Trainee: 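I am attaching a structure below and will ask some questions about it afterwards.
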Amino acid sequence: MQEDLLMKTTLNGKILELKKTLNGKVILPGEPSYDELRKIWNAMIDKRPSAIVRCADADDVQQAIRFAHKNGQEISVRGAGHNIAGNSICDDGIMIDLSAMKNIRVSAADKRAYVEPGSTLGDFDRAVQAHGLATPVGINSTTGIAGLTLGGGFGWLTRMYGLTIDNLVSADVITAEGKKLTANESKQSGLFWAIRGGGGNFGVVTRFEFKLHPVGPQVLAGLIVYPFNQARQVLEQYREFVKAIPPELNVWIVIRHAPPLPFLPEWAHGKKIIALPVFYAGDSDKGQKLIEPLSRFGDALGDQIGPVPYIQWQQAFDALLTPGARNYWKSHNLTELRDGLLDAMVEYGNKLPSPQCEIFMGLLAGVSNDVKVDATAYSPRDARFVMNVHGRWDDPAQDETCIGWARTFFKATASYASMGAYVNFMTEDESGRVESAYGPNYARLREVKKQYDPENFFHLNQNIKP
Ligand SMILES: Cc1cc2nc3c(=O)[nH]c(=O)nc-3n(C[C@H](O)[C@H](O)[C@H](O)COP(=O)(O)OP(=O)(O)OC[C@H]3O[C@@H](n4cnc5c(N)ncnc54)[C@H](O)[C@@H]3O)c2cc1C
């Protein structure tokens, strides 16, 4: 007991020494901002690091890594804290908090963005849209660009421009030894291959360089909402419709209880629905014609589709995805939507165990399918859809019911799933799924891990064992 106390006191003394060398801050338990800074998006995760190093720049990240390494401290790395598994925070160790590193520089002339890892998708979209540019990122603006990119990254633009990693040109990485490296196709190319999907296993990225594309500023986007009793016919027609649409058009599926949307009749609020979020990044008139069949899938409860700023659409789901709820996810990749899968979506959609639980399906089909499986660490290149079973609720008393629903639905649909899994959607209890998530790329990932992090210093992630 006394030894423990002595060690803690010695470590605290060393942390105070570290503090003097940083441009950023060190926050210790008991300090006013400690509890706020250790909160992450998923309220199921409640951990208490022994120190939070709030880095101001890459030098701070280097110092924090060297300090933790030398003193045998476990570390976690936090971008915007959205990771469902809660890997960005640890008990007792050091949380390297990057959320204050938000500098973004855009070079409009050569369509490049240089992005620090504390930036959220909203920060990124705002900076690049100021020049009429964008690159595919996710659909919730408070998500971190760092975690999202390192796991793969997909969103409304993915059909046209691929995954976020397909637009990554280079990255500055600090390794477990504290070395600063730049990784791209010609320098540290093995590392560059690995960080495109391999998560935070290889080092801390302090700067991303992305390729950008002209997008918007207006896009055609919105929702069509059908009552849940029409779910089966909507799903069947969706399956046919998406086979022939151009990559500028993206349509997803959400099965949930209706939020109080102003374009829905009041009696429908809170009732089960199947909604089609629609996004078209092209000429509005052409888009209107293309999406016209969507409103004939059944008798819609309401729709609201029209020209909106791209940035606004990128925030459209924020209100449903606020931090602080309890969340448990399960996901499958899919190459096709077989009848049995549609049956199960209807069956489990009918049993949504809380007002916030949802079944959500994103359409990926497009240029990301043309990338070779071994071109990046992210391997499930054949995935045309990704289905996320999103358990979400507020009351801990509902944990068992909501987790149980997600797990049973996941099992019931496993036989329809295709290869691999999206590591960014994997929960804390899915560490056994990492190897199969990477499939044929896992062996090479282990080799790169052995080269850059043989001691597995970076292990709070979907871990690749060296
Ligand atoms: C509401 C919501 C919506 C989402 N929507 C989408 C979506 O549309 N598309 C999509 O692709 N994904 C989506 N995701 C998943 C998202 O990509 C992951 O949750 C991702 O991990 C979030 O990144 P973050 O930086 O916020 O996470 P954090 O929790 O901060 O970090 C996650 C992990 O990434 C690693 N990491 C973070 N920063 C660095 C760094 N700079 N260097 C090295 N390692 C690092 C660490 O291992 C860390 O544990 C969504 C998640 C949420 C919660």
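In this text, all values refer to a predicted model and were calculated from it rather than measured experimentally. Just follow the structure's listing: the first ligand is 1, and inside any ligand the first atom is 1.
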Trainee: Is it the case that atom CD in Q62 sees more than 12 heavy atoms from other parts of the structure closer than 6.0 Å?
Mentor: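 Atom CD in Q62 is packed in, count exceeds 12.
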
Trainee: Would you call F458 a ligand 1 contact, heavy-atom distance under 4.0 Å?
Mentor: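 For ligand 1, residue contact (heavy atoms, under 4.0 Å) with F458 is absent.
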
Trainee: Would the distance check show the side chain of R384 and the main-chain N or O of E336 forming a donor-acceptor pair, the cut-off being under 3.5 Å?
Mentor: no

Trainee: Which ligand 1 atoms, with their elements, are less than 4.0 angstrom from a heavy-atom of N461?
Mentor: 47 (O)

Trainee: Can the ring centres of F425 and F154 be said to be less than 6.0 Å apart?
Mentor: yes

Trainee: For the rings on F457 and H69, is their centre-to-centre separation under 6.0 Å?
Mentor: yes

Trainee: Are a donor atom and an acceptor atom from the side chains of K449 and N456 found within less than 3.5 Å of each other?
Mentor: yes

Trainee: Counting only N and O atoms by type, is there a donor-acceptor contact under 3.5 Å from the side chain of N250 to the main-chain atoms of W156?
Mentor: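 Yes: the side chain of N250 pairs with the backbone of W156.
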
Trainee: Assess G81 for proximity to ligand 1: is some non-hydrogen atom of it under 4.0 Å away?
Mentor: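 So G81 counts as touching ligand 1.
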
Trainee: Does atom NZ of K111 have more than 12 heavy-atom neighbours from other groups under 6.0 Å away?
Mentor: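 Not more than 12 within 6.0 Å, no.
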
Trainee: Pairs under 3.5 angstrom only: tabulate donor-acceptor contacts from the side chains of residues 360-374 to other protein residues two or more places apart or in another chain.
Mentor:
residue, atom, partner, partner atom, Å
N369, OD1, G366, N, 2.9
N369, ND2, R381, O, 2.8
N369, ND2, A383, O, 3.0

Trainee: Between V205 and ligand 1, does any nitrogen or oxygen pair lie at a separation below 3.5 Å?
Mentor: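 V205 vs ligand 1: N/O contact under 3.5 Å present.
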
Trainee: Is the shortest distance from a heavy atom of G203 to ligand 1 less than 4.0 Å?
Mentor: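 Yes, G203 has heavy atoms under 4.0 Å from ligand 1.
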
Trainee: Below 4.0 Å from any atom of ligand 1, is there a heavy atom belonging to G199?
Mentor: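 It does not; every heavy atom stays at 4.0 Å or beyond.
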
Trainee: Considering distance alone, does some N or O of R78 sit under 3.5 Å from an N or O of ligand 1?
Mentor: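 No: no nitrogen or oxygen of R78 is under 3.5 Å from one in ligand 1.
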
Trainee: Nearest heavy atom to atom 11 (O) of ligand 1: which of F360, F202, Y422 does it belong to?
Mentor: Y422

Trainee: In the protein, which heavy atom is nearest to atom 45 (C) of ligand 1, and how far is it?
Mentor: L150 CD1, 3.5 Å

Trainee: Give a yes or no on this: more than 12 heavy atoms of other residues, nucleotides or ligands lie within 6.0 Å of atom NZ of K272.
Mentor: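 Yes, the 6.0 Å shell around NZ holds more than 12 heavy atoms from other groups.
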
Trainee: Under 3.5 Å, N or O to N or O, is N140 touching ligand 1 that way?
Mentor: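 No, N140 has no N/O under 3.5 Å of an N/O on ligand 1.
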
Trainee: Do D125 and Q315 have a side chain donor and acceptor closer than 3.5 Å?
Mentor: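 No, Q315 and D125 have no side-chain donor paired with an acceptor closer than 3.5 Å.
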
Trainee: L98 heavy atoms, cut-off 4.0 Å: which ligand 1 atoms fall inside?
Mentor: 40 (C), 41 (N)

Trainee: Side-chain contact, heavy-atom cut-off 4.5 Å: I104 with Y114?
Mentor: no

Trainee: Provide the number and element of each atom of ligand 1 under 4.0 Å from a heavy atom of V204.
Mentor: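 Those atoms are 42 (N), 43 (C).
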
Trainee: Does ligand 1 have any atom sitting under 4.0 Å from a heavy atom of F425?
Mentor: yes

Trainee: Tell me whether G155 has any N or O atom under 3.5 angstrom from an N or O of ligand 1.
Mentor: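 G155 vs ligand 1: no N/O contact under 3.5 Å.
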
Trainee: Taking the basic N atoms (NZ, or NE/NH1/NH2) and the acidic carboxylate oxygens, is any pair closer than 4.0 Å for K450 and E447?
Mentor: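 Yes, this pair counts.
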
Trainee: Could you check atom 34 (O) of ligand 1 against the protein and tell me its nearest heavy-atom contact, residue, atom and distance included?
Mentor: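 Result: G147 CA, 3.7 Å.
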
Trainee: Is it true that, when you exclude K180 itself, more than 12 heavy atoms of the residues, nucleotides or ligands shown sit nearer than 6.0 Å to its NZ?
Mentor: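 More than 12 heavy atoms, drawn from other residues, nucleotides or ligands, come within 6.0 Å of this atom.
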
Trainee: Would you mind listing which atoms of ligand 1 come within a distance below 4.0 Å of any non-hydrogen atom of G153?
Mentor: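 Close to G153: 11 (O).
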
Trainee: Purely on distance, is any nitrogen or oxygen of P117 under 3.5 Å from one on ligand 1?
Mentor: no

Trainee: Assign the ring pair H332 / F410 to parallel, tilted or perpendicular, where the plane angle (0 to 90°) is split at 30° and 60°.
Mentor: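 Parallel: the ring planes of H332 and F410 meet at under 30°.
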
Trainee: Could you find the nearest protein heavy atom to atom 46 (C) of ligand 1 and give me its residue, atom name and distance?
Mentor: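 In this structure, atom 46 (C) of ligand 1 has V77 O, 3.6 Å as its nearest protein heavy atom.
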
Trainee: Measure the distance from atom 52 (C) of ligand 1 to every protein heavy atom, then report the residue, atom name and distance (to 0.1 Å) of the closest one.
Mentor: W329 CH2, 3.5 Å

Trainee: Taking N or O atoms only and a 3.5 Å limit, does G79 qualify as a polar contact for ligand 1?
Mentor: yes

Trainee: Considering heavy atoms of the protein only, find what lies nearest to atom 47 (O) of ligand 1 and give residue, atom and distance to 0.1 Å.
Mentor: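 Atom 47 (O) of ligand 1 sits closest to the protein heavy atom L460 O, 3.4 Å.
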
Trainee: So if I apply the side chain to side chain contact (heavy atoms under 4.5 Å, CB included) rule between L223 and each of V278, L261, L276, V254, which one comes out positive?
Mentor: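 The option that passes is L261.
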
Trainee: Is there a donor-acceptor contact under 3.5 Å from the side chain of D453 to the main chain of A176?
Mentor: no

Trainee: Are more than 12 heavy atoms from other residues, nucleotides or ligands located less than 6.0 Å from atom CD of E31?
Mentor: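 Yes.
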
Trainee: Does A146 reach ligand 1 with a nitrogen or oxygen that is under 3.5 Å from one of the ligand's nitrogen or oxygen atoms?
Mentor: no

Trainee: So, is F154 polar-close to ligand 1, with some N/O to N/O distance under 3.5 Å?
Mentor: yes

Trainee: Checking the N or O distance criterion of under 3.5 Å, is ligand 1 in contact with N424?
Mentor: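 N/O-N/O distance below 3.5 Å exists for this pair.
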
Trainee: May I ask you to list the atoms of ligand 1 that are less than 4.0 angstrom from any heavy atom of G138?
Mentor: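 Answer, ordered by atom number: 7 (C), 8 (O), 9 (N).
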
Trainee: Considering only heavy atoms of A80, which atoms of ligand 1 have at least one such atom less than 4.0 Å away?
Mentor: 24 (P), 25 (O), 26 (O), 30 (O)

Trainee: Considering non-hydrogen atoms of the protein only, which is the closest contact for atom 19 (O) of ligand 1, and what is the distance?
Mentor: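 Heavy-atom neighbour on the protein nearest atom 19 (O) of ligand 1: H82 O, 3.2 Å.
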
Trainee: Tell me which one of N87, L148, L121 gets a heavy atom nearest to atom 20 (C) of ligand 1.
Mentor: L148

Trainee: Among all protein heavy atoms in this structure, tell me which lies nearest to atom 16 (C) of ligand 1, with the distance rounded to 0.1 Å.
Mentor: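 Of the protein heavy atoms, T143 CG2, 3.9 Å lies nearest.
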
Trainee: Can you tell me the protein heavy atom closest to atom 32 (C) of ligand 1 and the distance?
Mentor: N83 CB, 3.4 Å

